[in-house]
Q: 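Below are the structure tokens for one structure; questions will follow.
Reminder, nothing fancy here: chain letters follow the sequence lines and each chain counts from 1. Values below: all heavy atoms of this structure, side chains included; hydrogens, waters and symmetry mates excluded. In this text, all values refer to a predicted model and were calculated from it rather than measured experimentally.
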Protein chains: 2
Amino acid sequence: MSTATADGGGLHQRMLDTLGESIASGRLAPGSRLTLEDLQQEFSVSRTVARDTMRVLESMNLVYSRRRVGIVVQDPQHWNVFDPKLVHWRLASTRREAQYASLTELRIAVEPIAAAAAARRATHAQRGELGALAAELRRLGEAGDLEGFLAVDIAFHRLLLHSSGNEMFAAIDQMVAEVLTSRTQQGLMPFRPEEAALKAHEDVATAVSRGDTNKAEEAMHRVVVEVRQAMGLD
Amino acid sequence: MSTATADGGGLHQRMLDTLGESIASGRLAPGSRLTLEDLQQEFSVSRTVARDTMRVLESMNLVYSRRRVGIVVQDPQHWNVFDPKLVHWRLASTRREAQYASLTELRIAVEPIAAAAAARRATHAQRGELGALAAELRRLGEAGDLEGFLAVDIAFHRLLLHSSGNEMFAAIDQMVAEVLTSRTQQGLMPFRPEEAALKAHEDVATAVSRGDTNKAEEAMHRVVVEVRQAMGLD
DNA sequence: ACATTCCAATGGTGTTATCTTTTTGGGGAA
DNA sequence: TTCCCCAAAAAGATAACACCATTGGAATGT
């Protein structure tokens, strides 16, 4: 009762999150069968709400439904792994590490190219703002303010992705933010960021500002190369 | 009647595709308001079906719904641009070019890193198959069989993405296939693939086979660099 | 003239009941 | 044993209705 109305979303949000997380974590194994009726009872909701939920899960390719059979959990290889909801569920599950590794590798791939794109397409305001964030990053880094550093680091990467003018790059900003946050929370960051990292961020901002695509790509490569090494990818 | 049952999906598939394409193409501008009642009538379906459809569109962040207001088309920046359905709609719309450009840039970013990952993680069978596909590619290329070349090229890139062991890389295989197909259909491919391209594909296969991550990344970089130039990204 | 309060219309949210359609497993006939 | 047909199962779809959050604007007061 109180819980049903307490959370922000409607009924089917709750149901969606619960089921989604069950599937993402593997607790509901691929091949498992559900029926609408079971679900109605388990979550004590109406058929309509149960249907809504399954339709959304179906559109994420987490399940498929066949008449006479019921609703079947899909093989992971069919999942829409770029759906932010699924990413969130996977990060919340026990399979966190796998999702984290995939995201990091994606970030390593995308960010240098995004930097080059930003050097070509960023607006004047964006170029200025990037420079300001890079300077702020140095200030906070040298002051040893890890929390502030993280916030500005996220802002820097987010702005860069958006400045790329590629909406697919921009769309991964939330995922990059989660990766950066996780990195800090896990204590994987040195107490004081390395000089090389600070310099690399500044170089990205400078190159983007000057419209030097090659330099921007190279500098962003230096930013992520330390991540590659930390992940054992080099 | 006949049309309703003729196509593969149920009622709401039809409705979803129609609406999705309208939104993706911009014919239904951001900020446009719909109501369930309007939609029921326009598509002559029940409220339940209309709801199902809107829930799916909502989960893709193409729309959001608020009480008393109705269903509102979202700003493009909120869209889940990695959802295969949306990619498909955008490629089918008049904004094809923009989607095509974004995908190509994404491919340029991801494929070299995917090649490096494949060199590290591909199975023995995958390594062998990659080599076979590269050889077949040369044979078809030198024979001037563009259609066969395209098919094998798609198979090569798809296998590589899957061999990367990163499910997010694997998930973009369908999009890469569409880009390659489009490139050939638009006559952007030379009648006979360039020697450099054939060599680059072979080098990727060889490097992956040997587990040489750096070489694999560099060779795949050569594969996509011609695309960069063709798109004016260099 | 302007700000505040309040009310009623609107339209999504969720429930229940019912009918249709597809699929399939099993039983009976050839 | 094989084939065919039937009945049951479960999703697909429809309809009518109660509920309630929102909001635009009217009524009221300053």
Side-chain angles (χ1 to χ4, degrees), chain A residues 1-20 23 28 30-74 78 85, chain B residues 1-20 22-23 28 30-75 78 85:
Chain A
M1 307 254 155
S2 56
T3 55
T5 47
D7 68 299
L11 269 188
H12 96 285
Q13 282 289 4
R14 227 189 147 62
M15 185 172 174
L16 184 62
D17 273 341
T18 308
L19 273 176
I23 296 174
L28 242 68
S32 306
R33 292 183 188 188
L34 310 165
T35 69
L36 281 181
E37 210 146 0
D38 294 345
L39 294 166
Q40 285 183 64
Q41 296 194 336
E42 187 172 343
F43 292 91
S44 29
V45 293
S46 68
R47 193 176 181 76
T48 311
V49 172
R51 253 186 81 161
D52 282 351
T53 307
M54 298 325 283
R55 274 280 146 75
V56 173
L57 289 175
E58 193 176 31
S59 94
M60 297 168 72
N61 282 332
L62 289 187
V63 303
Y64 64 89
S65 74
R66 293 209 355 237
R67 287 188 162 161
R68 168 70 216 230
V69 173
I71 290 139
V72 187
V73 178
Q74 282 262 31
H78 295 111
K85 290 183 292 299
Chain B
M1 302 260 153
S2 55
T3 54
T5 48
D7 68 298
L11 272 187
H12 95 286
Q13 281 289 4
R14 229 189 146 60
M15 188 174 172
L16 184 62
D17 274 341
T18 308
L19 274 176
S22 293
I23 296 173
L28 242 66
S32 307
R33 292 183 188 190
L34 309 166
T35 70
L36 283 180
E37 209 145 1
D38 294 344
L39 293 167
Q40 286 184 65
Q41 296 195 335
E42 188 174 341
F43 291 90
S44 29
V45 293
S46 70
R47 196 173 184 77
T48 312
V49 172
R51 269 184 65 165
D52 282 351
T53 307
M54 298 325 282
R55 278 276 193 271
V56 173
L57 289 176
E58 192 176 30
S59 95
M60 299 168 71
N61 282 333
L62 289 187
V63 304
Y64 64 89
S65 72
R66 293 206 0 234
R67 287 189 165 168
R68 169 67 216 236
V69 172
I71 289 139
V72 187
V73 177
Q74 281 263 32
D75 239 48
H78 296 111
K85 291 184 290 301

Q: Checking side chain to side chain contact (heavy atoms under 4.5 Å, CB included) for the pair B:Met54/B:Leu19: CA distance, chi angles, key distance, verdict?
A: CA-CA 9 Å; B:Met54 298 325 282; B:Leu19 274 176; 4.0 Å; yes
Q: Base of D:dA11, side chain of A:Arg51 - is there a donor-acceptor contact under 3.5 Å?
A: no
Q: Decide yes or no, distance alone: a donor-acceptor N/O pair under 3.5 angstrom between the base of D:dG12 and the side-chain of A:Arg66.
A: no
Q: Please tell me if A:Thr35 has a side-chain N or O lying less than 4.0 Å from either OP1 or OP2 of D:dA9.
A: no
Q: What's the CG-C1' distance between A:Leu36 and C:dT15, to the nearest Å?
A: 15 Å
Q: Applying a 4.0 Å non-hydrogen cut-off, can you work out what B:Arg47 is touching in the nucleic acid: base, sugar-phosphate, or nothing?
A: base
Q: Which is true for B:Thr48 with a 4.0 Å heavy-atom rule: it touches a base, it touches only sugar-phosphate, or it touches nothing?
A: base
Q: Rounded to the nearest Å, what distance is computed from the CZ atom of residue A:Arg67 to the P atom of nucleotide C:dC19?
A: 17 Å
Q: Is there a side-chain contact between B:Ser46 and the phosphate of D:dA13, meaning an N or O under 4.0 Å from OP1 or OP2?
A: no
Q: Whole angstroms only, please: what is the CG-P distance between A:Asp52 and D:dG12?
A: 12 Å
Q: Heavy atoms under 4.0 Å, any strand shown: does A:Leu39 hit a base, just sugar-phosphate, or nothing?
A: nothing
Q: Please confirm whether the shortest side-chain N or O distance from B:Arg55 to OP1 or OP2 of C:dT13 is below 4.0 Å.
A: yes
Q: Taking atom C1' of D:dA11 as reference, at what distance in whole Å does atom CD1 of A:Ile71 sit?
A: 8 Å
